[in-house]
Amino acid sequence: MATVEELRQQLDDTVGKGRFQQVSADVASYLHQKLLDGGEDARVIADLLHGKGLGHPLHPILTDLTIGGWTFGVFFDALAFLTRSSLSRHSADTLVTLGTISAIPTALAGITDYQAIKEDAAGYAAAHGLLNGV
């Protein structure tokens, strides 16, 4: 059985180095150039998605909303199943809907952050985005 350190090294070899990392950095650079080509309007939208006006990155805030909506939606689904409560079922539906709707701006904020990422972190960011997209 592999140790944690061996698994970490395998992950780093797969995602943090080599072709995947280089392609990820190239994609981030391409997206950054497209943003620059978009002019001032694109920059205003990017600043909004970065959370510049909040003084804090927007993506982590939105992930809490998305993950929280889905997690508590599952909890209320289980509660509705066990108690046959229509209020719990409605709460679950509302929370799952909130999580799903918030996933869109969460992904957009993540992509906006990705286009400005340091080159050596691009592979990890791309893997994060791809896995969450799946």
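Side-chain atoms of Y124 and D12, non-hydrogen and from C-beta on, do get closer than 4.5 Å to each other. Put simply, the side chain of S24 reaches to within 4.5 Å of the side chain of Y114, judged on heavy atoms. Taking 4.5 Å as the limit, some side-chain heavy atom of L54 sits within range of a side-chain heavy atom of I61. For the pair Q115/Q33, no side-chain contact is recorded, criterion being any heavy-atom separation below 4.5 Å from C-beta on. A heavy-atom distance below 4.5 Å is not found between the side chains of L7 and T3. With a 4.5 Å cut-off on side-chain heavy atoms, V27 and L31 count as touching.
Judged by distance alone, with hydrogens and angles left aside, the side-chain atoms of T63 form a donor-acceptor pair with the main-chain N or O of P60 at under 3.5 Å. Judged purely by atom type and a 3.5 angstrom limit, T83 uses its side chain to pair as donor or acceptor with the backbone of L79.
Of all heavy-atom pairs between F20 and T14, the closest is CB-O, 3.7 Å. Listed here is the closest heavy atom pair of I117 and A28: CG2-CB, 4.3 Å. Contact record, V96 with G73: CG2-CA, 3.9 Å, taken as the closest heavy-atom pair.
Remark: R89 does not engage D77 in a salt bridge, criterion side-chain N to carboxylate O under 4.0 Å.
Not counting sequence neighbours, the partners of T100 by the side-chain hydrogen bond (donor to acceptor under 3.5 Å, both in side chains) test are W70. Partners of D120 according to the salt bridge (Lys or Arg N to Asp or Glu O under 4.0 Å) rule, which considers only residues two or more places apart in sequence or in another chain, do not exist here. For L98, the side-chain contact (heavy atoms from CB on, under 4.5 Å) partners two or more places apart in sequence, or in a different chain, are L65. The side-chain hydrogen bond (donor to acceptor under 3.5 Å, both in side chains) search around T66 returns S102, T106, not counting sequence neighbours. E5 pairs by the salt bridge (Lys or Arg N to Asp or Glu O under 4.0 Å) definition with R8, not counting sequence neighbours. R43 meets the side-chain contact (heavy atoms from CB on, under 4.5 Å) test with L35, A46, D47, H50; sequence neighbours excluded.
The distance from the CD1 atom of I111 to the CG atom of L108 is 6.0 Å, given to the nearest 0.5 Å. Atom CG of D13 and atom CD of E6 lie 11.5 Å apart (nearest 0.5 Å).
A side chain to side chain contact (heavy atoms under 4.5 Å, CB included) with S91 is found for one member of F76, F75, F72 and no other, namely F76.
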